[in-house]
Amino acid sequence: MNIQDDIKVLQNYEQFARFINMIHDLREETISEMHEAPTEQLQQLSGRIITYDQILQMADFKFLQARFRETF
């Protein structure tokens with residue numbers, strides 16, 4: 001099995017969807033932190049956002065939102 005297969009299996013579980021939703025919330029929180037962050041901290045925050053985006057994309061967050069819309 002590869003990681004894509006593992007994620008497809010995990011997408012069947014509401015618990016995984018809730019975890020990925022938490023990642024989405026952390027991403028949104030980090031974006032809001034950028035508004036007040038000093039210039040020297042922006043690069044670090046941008047790196048965190050990119051990482052969150054990659055996780056959301058790998059987990060297919062939009063699919064999970066649709067599948068478990070009552071959870072979100």
Side-chain angles (χ1 to χ4, degrees):
M1 272 185 120
N2 61 35
I3 191 70
Q4 289 87 4
D5 293 336
D6 293 340
I7 290 171
K8 284 183 182 182
V9 171
L10 290 170
Q11 287 175 332
N12 293 312
Y13 297 96
E14 184 178 342
Q15 295 88 342
F16 180 68
R18 285 196 309 264
F19 172 72
I20 295 301
N21 190 54
M22 183 188 72
I23 298 293
H24 177 264
D25 292 345
L26 289 170
R27 177 190 175 276
E28 296 302 312
E29 182 180 305
T30 304
I31 290 170
S32 68
E33 287 177 31
M34 291 183 86
H35 297 291
E36 299 173 9
T39 305
E40 58 272 1
Q41 193 179 16
L42 289 177
Q43 186 174 4
Q44 179 187 12
L45 293 172
S46 295
R48 285 175 41 199
I49 292 166
I50 289 168
T51 302
Y52 292 142
D53 282 341
Q54 289 172 333
I55 294 168
L56 293 169
Q57 185 176 13
M58 283 189 325
D60 197 352
F61 179 64
K62 291 182 188 289
F63 170 78
L64 290 171
Q65 274 185 314
R67 182 168 187 170
F68 297 102
R69 67 186 128 211
E70 68 281 350
T71 301
F72 300 119

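Owing to the predicted nature of the structure, the values given are computational and were not obtained by experimental measurement.
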Notebook entry, point to check: Which residue pairs pass the salt bridge (charged side-chain N to carboxylate O under 4.0 Å, His left out) test with at least one member in residues 60-72, sequence neighbours excluded?
Noted result: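 Matches after skipping sequence neighbours: none remain.
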Let me check something: any side-chain donor-acceptor pairs from residues 14-32 under 3.5 Å, sequence neighbours excluded? List them with distances.
| from | atom 1 | to | atom 2 | distance (Å) |
| --- | --- | --- | --- | --- |
| Glu14 | OE2 | Arg18 | NH1 | 3.3 |
| Glu14 | OE2 | Thr71 | OG1 | 3.1 |
| Arg27 | NE | Asp53 | OD1 | 2.3 |
| Thr30 | OG1 | Leu26 | O | 2.8 |
| Thr30 | OG1 | Arg48 | NH2 | 3.2 |
| Ser32 | OG | Glu29 | O | 2.7 |

Note to self: If I compare all heavy atoms of Asp5 with all of Asn2, which pair ends up nearest, and what's the gap?
What the structure shows: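 The answer is N-OD1, 2.9 Å.
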N/O donor-acceptor pairs under 3.5 Å from side chains in residues 36-47, not counting sequence neighbours:
| from | atom 1 | to | atom 2 | distance (Å) |
| --- | --- | --- | --- | --- |
| Ser46 | OG | Leu42 | O | 2.9 |

Next item on the list: Taking side-chain contact (heavy atoms from CB on, under 4.5 Å) as the test, write out the residues that go with Ile50, two or more places apart.
Entry: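 For Ile50, the residues satisfying side-chain contact (heavy atoms from CB on, under 4.5 Å) (neighbours in sequence not counted) are Gln54.
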Margin query: Other members of the hydrophobic cluster containing Ile3, with the 4.5 Å side-chain heavy-atom rule, please.
Written below: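 Grouped by the 4.5 Å side-chain rule, Ile7, Met58 form the rest of the cluster around Ile3.
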Check: Do Phe61 and Ile49 belong to the same hydrophobic cluster, where Ile, Leu, Val, Met, Phe, Trp and Tyr are linked whenever their side-chain heavy atoms lie under 4.5 Å apart, directly or via other members?
Finding: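 In one cluster with Phe61: Ile49, no.
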Note to self: Quick check on Tyr13: does its OH atom have over 12 non-hydrogen neighbours (other residues, nucleotides or ligands) under 6.0 Å away?
What the structure shows: no
